[in-house]
Amino acid sequence: MSKILVTGANGQLGQCIKELALTKGTKNTYIFKSSADLNITEYAQVIAEFMLGQFDFCINCAAYTNVDKAESDLDNATNVNVIGAKNLATACGKTNTTLLHISTDFVFDGTKDSPYVETDITSALGVYGQTKLLGENEVIKNAPKYYIIRTSWLYSEYAHNFMKTMIRLANERDALSVVSDQTGTPTYAKDLAEVLMHIINTNPIAYGIYHYSNEGIATWFDFAKAIFEINNNTINLSPIATEAYPLPAKRPKYSVMDKSKIKQALQIKIPDWKESLKSAIKALD
Ligand SMILES: NC(=O)c1ccc[n+]([C@@H]2O[C@H](COP(=O)([O-])OP(=O)(O)OC[C@H]3O[C@@H](n4cnc5c(N)ncnc54)[C@H](OP(=O)(O)O)[C@@H]3O)[C@@H](O)[C@H]2O)c1
């Protein structure tokens with residue numbers, strides 16, 4: 001039996017882990033800490049929690065995730081994504097805890113045209129990706145036992161995400177334009193949660209960086225179209241170019257990730273993004 005600390009527990013990934021721990025049953029003990037319970041930017045709080053808890057694993061779901069706001073909020077993004085990651089990694093090192101740290105496809109600049117592998121050169125385009133990348137480095141430097149799981153385009157029935165925004169907009173508007181020249185893979189946070197729990201329950205796989213998203217590829221336009229089809233929304237949807245919809249943060253044009261390493265290590269089959277989207281929309285009922 002393992003004792004597992006989950007940070008950032010009120011975010012969408014944290015809530016998915018909580019739901020699975022409750023509904024699927026687990027021989028492990030999960031301890032969920034929201035940002036109000038445990039601020040990962042405060043080392044004194046973090047180390048006290050780890051000393052008291054004597055955890056076997058920590059899943060870090062806490063992050064500064066507002067990609068556009070980060071462009072004008074470097075200090076706060078750095079505090080959570082870099083200092084927070086360093087604090088957790090250091091506490092894990094001091095207490096012999098294995099850290100599962102979540103990172104992002106936005107560590108890549110999107111200039112490739114084939115799926116990114118874990119060893120590809122990173123070069124983040126914006127503050128969010130840059131701070132997540134620096135956070136990865138802190139984990140590697142300070143946690144002897146770590147898994148960095150890079151994921152992409154997370155959505156779920158919980159918290160704020162693209163799927164929920166699209167469904168809200170479909171109820172408010174008759175027409176919508178969505179960018180059709182950024183390609184990646186939507187990932188159901190519950191599928192990611194299952195894989196994280198699987199890593200914990202498997203005989204240790206090699207420490208290091210792993211890519212995990214759902215299978216398949218899509219543009220944001222494809223993603224929106226599938227949401228409306230599955231949810232039976234009638235809305236006039238049009239594709240637009242990124243330049244026609246300027247946002248503060250630059251995003252990679254292509255950020256599909258190669259999942260061979262995690263599939264091989266865990267001997268898993270990953271669900272296709274459209275199949276998982278159906279499950280997520282069903283879970284909204
Ligand atoms: N969302 C995506 O599309 C996406 C894509 C790729 C990778 N990821 C990565 O996946 C992970 C999970 O993302 P998510 O979508 O579940 O994010 P989320 O829903 O935004 O949740 C993040 C959580 O972190 C908490 N948090 C923020 N600052 C904190 C602090 N100082 N101490 C403790 N907790 C803090 C937030 O609490 P408050 O709400 O109280 O601030 C929030 O509950 C993150 O590492 C993210 O970078 C996300």
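First listed ligand is number 1; within each ligand, the first listed atom is number 1. Since we're looking at a predicted model, the values are computed, not measured.
Below 30°, between 30° and 60°, or above 60°: for Y128 and F106 the angle between ring planes is above 60°, a perpendicular geometry. The aromatic rings of Y116 and Y254 lie tilted to each other, with the angle between the two planes from 30° to 60°. Using cut-offs of 30° and 60° for the angle between ring planes, the F223 and W220 rings count as tilted.
Ion pairing between a basic and an acidic side chain is recognised when a charged N comes within 4.0 Å of a carboxylate O; E229 and K225 show such pairing. Checked for salt-bridge contact, K253 and D113 miss the test: no charged N lies under 4.0 Å from a carboxylate O.
N60 and T7 share a side-chain donor-acceptor pair at under 3.5 Å.
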Close N/O pairs between ligand 1 and protein, under 3.5 Å:
residue, atom, partner, partner atom, Å
ligand 1, 3 (O), L154, N, 3.0
ligand 1, 15 (O), Q12, NE2, 3.0
ligand 1, 16 (O), Q12, N, 3.3
ligand 1, 16 (O), L13, N, 3.0
ligand 1, 19 (O), Q12, N, 3.0
ligand 1, 20 (O), T65, OG1, 2.7
ligand 1, 24 (O), A63, N, 3.2
ligand 1, 31 (N), N39, OD1, 2.9
ligand 1, 32 (N), I40, N, 3.0
ligand 1, 37 (O), S35, OG, 3.4
ligand 1, 40 (O), S35, OG, 2.5
ligand 1, 43 (O), G11, N, 3.0
ligand 1, 45 (O), I102, O, 3.2
ligand 1, 45 (O), K132, NZ, 2.8
ligand 1, 47 (O), Y128, OH, 2.7
ligand 1, 47 (O), K132, NZ, 3.0

